[in-house]
Structure formats: C-alpha cells, structure tokens
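FYI, side chains are in, hydrogens and waters are out, and symmetry mates aren't considered; it's all heavy atoms of this structure.
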Amino acid sequence: MATATFHQSIVSFASPSSTISQCGFKIDSSLSFTSKKINFCKIKAMASVSYNNTLLSPSKTIPDNTLKKPNEAALILIRHGESLWNEKNLFTGCVDVPLTEKGVEEAIEAGKRISNIPVDVIFTSSLIRAQMTAMLAMIQHRRKKVPIILHDESEQAKTWSQVFSDETKNQSIPVIPAWQLNERMYGELQGLNKQETAERYGKQQVHEWRRSYDIPPPKGESLEMCAERAVAYFQDNIEPKLAAGKNVMIAAHGNSLRSIIMYLDKLTCQEVISLELSTGIPLLYIFKEGKFMKRGSPVGPTEAGVYAYTKRLAQYRQKLEEDSEVICS
C-alpha cells in the first residue's frame with residue numbers, strides 16, 4: 001500500500017506579458033516566464049475552471065468537443081512495477097529496461113484494483129516498463145477491451161497500424177505513448193549502483209541529486225525540469241480528454257507522476273520532494289467541474305470502498321455485474 005502523504009498548498013503560474021487566461025488559470029505578468037517554463041514554487045491556483053464533461057461511458061466513442069451536461073471522469077495513476085534495474089539498485093532514468101517477475105505481479109495486482117473502474121484511453125511513457133504495466137493491468141479489467149498502442153512516429157506507422165473495423169475499435173482502448181511522461185533523465189548516474197555512487201560522491205551529494213527539487217545530477221534532469229515537460233503534456237493532452245468525459249489511465253514513473261500529482265494536489269516544491277509512490281499501486285482521482293478530487297488507492301475489486309467514490313462509479317460497477325450475469329446465463 002502506498003505510503004505517500006499528500007499536502008495542500010497554494011500554487012501559481014508565471015508569464016512575461018499581460019495577464020491572460022490559459023487552461024482555466026490566470027497568468028500573472030509580474031513573474032518571470034521563459035519558453036513556456038512552469039515555476040511550480042510560484043504557482044497560485046485559480047480554482048474557477050469549468051469544463052463541459054460527458055457521462056462515464058467507456059463503451060462509446062465520445063469526441064473531445066462533445067458539449068453535454070457537466071459531469072465527471074476518472075483519472076488513474078500507476079507507477080510501473082519493479083524493473084530489473086530497481087531490483088539491482090541501479091539508477092535507471094530513461095534507460096529502457098523491462099519489469100522483473102515481481103514487477104509483473106505488481107502490475108497484475110494493480111489491474112485487479114482498477115478492474116471495475118472505467119478506462120477509455122491510456123497514456124504511458126515511451127519506456128517498456130510503463131507500457132508493460134499498462135498492458136498487464138488491463139488484462140485484469142472486466143470490460144476485456146484490448147489495449148492498442150497508437151504509433152505516430154511516421155505517416156507509414158500510422159497507416160500500417162490503422163484499424164478499419166468499427167466493431168473492433170469499440171472493443172479496444174487506445175494507448176498513447178509519450179516521451180514527456182518518461183522518468184527523469186539521471187544523466188551520468190544512469191546504470192550506476194546507488195550504494196556505490198553514495199560511497200563515491202558522498203551520501204549528502206547523492207541525496208541532493210535524488211531528492212532536491214531543482215538540483216540536477218551531472219548532465220541529467222532535476223525534478224523541476226521533469227515537471228516542466230510532464231505537466232505541460234498533461235495540461236495539453238490529458239486534461240482535455242478528462243474535460244470531454246474520457247476516463248484516463250496513466251502508467252508512468254516515480255518522478256513524472258510526482259510532477260503530475262504536484263499539479264493535481266497543488267503541492268509546493270518542498271512538499272513534493274517528500275512524496276513517495278510505491279510501484280504498482282494505483283491512485284484514483286475524480287475530475288468534476290474542472291477540479292481534481294483525490295480518492296486514494298482502490299483496495300481491491302471485491303471491497304465496497306472501490307465503488308463508493310462516486311455515484312457514477314457505483315453505476316458503472318453495477319452495469320458490469322449485470323453484463324456478467326447476462327453472459328453467464
């Protein structure tokens with residue numbers, strides 16, 4: 001069970017010119033802002049965002065611009081299961097390594113926890129450990145829809161992976177890989193043993209590289225740098241899906257997910273550095289009327305608490321039960 005602690009704080013965006021509205025937030029012109037850089041230590045939430053949402057309906061294809069009565073959508077965050085380099089205590093970063101046997105089991109367990117929560121679209125990083133986690137988790141889902149990875153690296157890739165059956169599309173869930181959701185790049189530390197690195201550079205120095213907000217390791221990314229790309233991608237690509245009523249799952253990494261949680265929970269740069277995420281433990285948020293409401297981790301597919309988060313989730317679970325009874329009869 002994740003032991004992550006969440007704290008509330010005040011956050012603000014920054015911009016170089018006159019005050020404008022972007023993604024439902026006001027941008028203060030008095031603060032410095034370059035190349036769309038987001039300074040999370042200066043973010044001040046303007047919690048007056050409003051969106052037009054649609055009903056939880058994972059069995060239907062709903063355009064993102066569909067205008068219906070405002071409602072809610074589910075957001076599931078999952079840190080990938082244990083990787084081979086986690087097991088060996090190596091700095092992994094953006095090196096693309098797969099899951100261990102334990103990691104596979106963690107992904108399957110995560111899938112069981114979210115098996116009654118609707119999923120319309122999946123976002124993953126471009127790294128195999130996150131994609132394995134997403135696929136293994138969805139094998140456990142009661143809708144039995146097939147995750148299909150979308151390829152947009154070239155026109156040929158798009159053409160060759162095209163699905164032409166509407167029926168098949170309705171029984172599928174698109175999976176969108178994005179490098180912006182990758183783990184932060186650890187630079188010259190990647191592939192080094194964490195204990196040996198601490199002995200070489202000193203525990204305090206390595207602790208600063210790993211846990212400070214704005215101090216990057218040699219030739220690598222700080223958490224602040226990781227947050228800039230991950231949160232910008234979330235705002236531009238994922239939040240509009242939620243606003244359109246799509247239920248979203250994100251399978252990613254410790255630091256990219258910490259960055260997104262920092263945005264969702266309005267954490268300060270001091271609070272986020274103490275945030276810990278366990279591998280393979282899903283976290284559920286409800287997006288409603290432009291606001292994110294944290295609901296913790298679903299504890300198991302048979303326990304009532306999983307379905308008591310909202311009326312919509314309870315209705316979705318009831319529909320799954322009814323469909324199951326029809327199939328069995």
Side-chain angles (χ1 to χ4, degrees), residues 54 57-66 73-81 83-85 92-100 103-104 107-108 110-111 114-115 117-185 190 226 229-253 256-257 260 282:
T54 55
S57 52
S59 61
K60 298 180 181 179
T61 302
I62 304 175
D64 287 357
N65 60 354
T66 302
L75 171 64
I76 302 168
L77 308 179
I78 305 179
R79 182 186 175 189
H80 66 80
S83 75
L84 286 169
W85 278 16
T92 311
C94 288
V95 180
D96 207 359
V97 298
L99 300 179
T100 61
V104 169
I108 291 172
I114 63 168
S115 62
I117 298 174
V119 178
D120 291 307
V121 59
I122 299 170
F123 288 86
T124 75
S125 75
S126 65
L127 303 175
I128 190 63
R129 57 192 185 272
Q131 295 180 18
M132 287 179 70
T133 298
M135 297 299 184
L136 290 166
M138 290 312 299
I139 289 173
Q140 305 300 314
H141 201 278
R142 294 180 64 185
R143 293 279 314 171
K144 298 301 180 185
K145 289 193 172 185
V146 178
I148 296 180
I149 296 178
L150 303 184
H151 294 278
D152 64 355
E153 58 268 24
S154 68
E155 286 302 318
Q156 181 174 335
K158 291 180 183 178
T159 302
W160 284 15
S161 60
Q162 181 72 36
V163 177
F164 291 96
S165 167
D166 289 338
E167 182 178 355
T168 302
K169 286 180 182 178
N170 289 335
Q171 294 302 315
S172 306
I173 297 179
V175 180
I176 303 172
W179 69 266
Q180 293 91 334
L181 299 176
N182 283 8
E183 179 59 282
R184 73 178 172 118
M185 207 275 280
Q190 291 185 165
C226 178
R229 58 172 165 85
V231 174
Y233 184 85
F234 182 89
Q235 291 174 321
D236 293 343
N237 298 276
I238 300 176
E239 202 161 344
K241 298 284 187 186
L242 295 163
K246 298 286 188 178
N247 304 290
V248 177
M249 183 176 87
I250 304 175
H253 307 265
S256 55
L257 290 178
I260 291 171

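A 4.5 Å side-chain heavy-atom check between Glu183 and Ser125 finds every atom pair outside the cut-off. Using a 4.5 Å heavy-atom cutoff, the side chains of Gln190 and Met185 are in contact. A 4.5 Å side-chain heavy-atom check between Phe234 and Leu75 finds at least one atom pair inside the cut-off. Asn182 is not listed as a side-chain neighbour of Ser256, based on a closest heavy-atom distance of 4.5 Å or more. Using a 4.5 Å heavy-atom threshold, the side chains of Phe123 and Lys241 count as touching. Taking 4.5 Å as the limit, every side-chain heavy atom of Ile148 sits out of range of all side-chain heavy atoms of Pro174. Residues Met138 and Met249 have side chains in contact (heavy-atom distance under 4.5 Å, counting atoms from C-beta outward). Residues Ile250 and Ile76 have side chains not in contact (no heavy-atom distance under 4.5 Å, counting atoms from C-beta outward).
Here the closest heavy-atom approach between residue Pro282 and residue Ile114 is recorded as CB-CG2, 3.7 Å. The two residues Gly245 and Asp120 come nearest to each other via the heavy atoms O-OD2, 4.0 Å. Taking each heavy atom of Ile117 and Ala74 in turn, the nearest pair found is CG2-CB, 4.1 Å. The heavy-atom pair separating Gln131 from Pro177 by the smallest distance is NE2-CB, 3.8 Å. Closest non-hydrogen pair, Thr124 versus Ala134, comes out as CG2-CB, 3.8 Å.
A donor-acceptor distance shorter than 3.5 angstrom exists from the side chain of Ser154 to the backbone of Ala157, with no hydrogens or angles considered.
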| Given Ile108 and Ile139, is the side-chain contact (heavy atoms from CB on, under 4.5 Å) satisfied, shown in steps? | CA-CA 8 Å; Ile108 291 172; Ile139 289 173; over 6 Å; no
| message | Run the side-chain contact (heavy atoms from CB on, under 4.5 Å) test on Val146 and Ile173 for me, step by step, so that the C-alpha distance in whole Å, both residues' side-chain angles and the decisive distance to 0.1 Å come before the verdict. | response | CA-CA 6 Å; Val146 178; Ile173 297 179; over 6 Å; no
| request: Could you walk me through whether Ile122 and Ile176 pass the side-chain contact (heavy atoms from CB on, under 4.5 Å) test, one step at a time? | output: CA-CA 6 Å; Ile122 299 170; Ile176 303 172; over 6 Å; no
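From Arg129, atom CZ reaches atom OG1 of Thr92 across 5.5 Å, with rounding to the nearest 0.5 Å. Atoms CG and CG, from Leu127 and Leu181 in turn, are 10.0 Å apart once rounded to the nearest 0.5 Å. Atom CZ of residue Arg143 and atom OG of residue Ser115 lie 13.0 Å apart, to the nearest 0.5 angstrom. Summarising the geometry, atom CD1 belonging to Ile128 is positioned 8.0 Å from atom CG belonging to Leu99; distances are rounded to the nearest 0.5 Å. Lys145 NZ to Ser172 OG: the interatomic distance, rounded to the nearest 0.5 Å, is 8.0 Å. In this structure, Thr133 OG1 and His253 NE2 are separated by 8.5 Å, a value rounded to the nearest 0.5 Å.
Heavy-atom contacts from other residues, nucleotides or ligands closer than 6.0 Å to CD of Gln162 number more than 12.
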